[in-house]
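Just so it is clear, the values below take in all heavy atoms, side chains as well, and ignore hydrogens, waters and symmetry mates. Please read these numbers as outputs of a predicted model, since none were measured by experiment. So you know, we letter chains A, B, ... as the sequences are listed, proteins then strands, and number each from 1.
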Number of protein chains: 2
Amino acid sequence: MDIRIDDTDRKIMAALQRDAGRSLDEIAREVGSSKTPVWNRIRKLRDAGVIGPQTVVLDAEALGFEACFFVLIRTSEHESKWQKKFLHALQTRPEVQEAHRLAGDIDYILKVRVKNARAYDAFYQALISEVRVYNVTALLSMEEIKSTTALPL
Amino acid sequence: MDIRIDDTDRKIMAALQRDAGRSLDEIAREVGSSKTPVWNRIRKLRDAGVIGPQTVVLDAEALGFEACFFVLIRTSEHESKWQKKFLHALQTRPEVQEAHRLAGDIDYILKVRVKNARAYDAFYQALISEVRVYNVTALLSMEEIKSTTALPL
DNA sequence: AATGAAACTGATAAGGA
DNA sequence: TCCTTATCAGTTTCATT
């Protein structure tokens, strides 16, 4: 299950991150190779799960998602039963775009994208009624300065 | 520049978010329409900028990006000259995957993806030597519970 | 919205460095 | 082993109906 990733693989992935909606020929030209080897490498990386699904970036604001919150959560509960329920709630709710378990003082951070402040409140009320949390701080984004999923390969 | 987005448009975008690497025929089947109208709608949405670039999701861990920090920043400086410099620093540094200006107590939040803790420290030192900040708190992610860019259309 | 035609692309096979 | 070339079914793109 070990996979060797060389420089050409990295170049291909960088090219795909930049714009995955291009032909193999164009990608191949960009990385200085040709169709077949590029295709084989992409397949290899996909099979290994290094390259995941292909998506499009949508304009959240244009689609009415005008509010974005970062939510800092502290909890006193750390039993596996509680955690399971909490994780399930996060996975299920589509407004949760990111969720991380943290080291230290704060236990979890969420990124929550909603249409407006009222929708955030609805989310918040639903969450705290589902699982007990000790302390919640919501940080409201005023401006998205940067947003990318690209890794600096 | 106003664009009307109807239910079919939303279905198409939802389908593309799920998996953009499919043929028009498949997308059309999924949304219950056919090739030509779907193609015309996608083109319209792309031209309007609602549908943005196409990318691939890469496995950060597999590529050696094993550390992810959320960085909370407070600053005392609010002049436009400082801000310009700060924003430029964020835009330029590839380890910054997200940056938001916040309302309230904390001024900015960053999501920083790096290979390891040492790389984070290098980033941090470089940042504070470039621009003055009053207070920085780094939250270290132990586990990425959820990560998606999909909007719940 | 369906048809259809031309250009382009993805996917694979065969053979070479 | 990895690359190049050749091939062709499938796909995109777009004009016409």
B:F70 versus A:E98: any side-chain heavy-atom pair under 4.5 Å? yes
Distance-minimising heavy-atom pair for B:K35 and B:D25: CD-OD1, 3.0 Å
Mind calculating the distance between CZ (A:R4) and C1' (D:dC2) to the nearest angstrom? 11 Å
Check this for me, if you would: do A:R101 and B:E143 make a salt bridge, where the nitrogen-to-carboxylate-oxygen distance has to be below 4.0 angstrom? yes
If you take any heavy atom closer than 4.0 Å to DNA chain D, which residues from residues 5-20 of chain B end up in contact? none
What is the 5' to 3' range of DNA chain C, first to last nucleotide, that sits under 4.0 Å from any heavy atom of chain A? C:dT9 to C:dA13
Would you name the heavy atoms of A:K115 and A:L63 that are closest together and state the gap between them? NZ-O, 3.7 Å
Look at the side-chain N and O atoms of A:R41 and state whether any lies under 4.0 Å from the OP1 or OP2 oxygen of D:dC3. yes
Starting at atom CG of A:L24, determine the distance to atom P of D:dG10, rounded to an integer number of angstrom. 18 Å
So which atom in A:R41 and which in A:T8 form the shortest heavy-atom distance, rounded to 0.1 Å? NH1-CB, 3.5 Å
Side chains of A:E30 and A:I12 in contact at under 4.5 Å (non-hydrogen atoms): no
Can you tell me which residue among B:R132, B:K85, B:K84 is in a salt bridge (charged side-chain N to carboxylate O under 4.0 Å, His left out) with B:E77? B:R132
A:F123 ring center within less than 6.0 Å of A:F69 ring center: no
Between atom CG in B:D25 and atom C1' in D:dT13, what is the gap in whole Å? 13 Å
Taking every non-hydrogen atom, the tightest pair across A:Y108 and A:L102: C-CD1, 3.9 Å
How far apart are the closest heavy atoms of B:V96 and A:T148, and which atoms are they? O-CG2, 4.0 Å
Neighbours of DNA chain C within residues 30-37 of chain B, by heavy-atom distance under 4.0 Å: B:S34, B:T36, B:P37
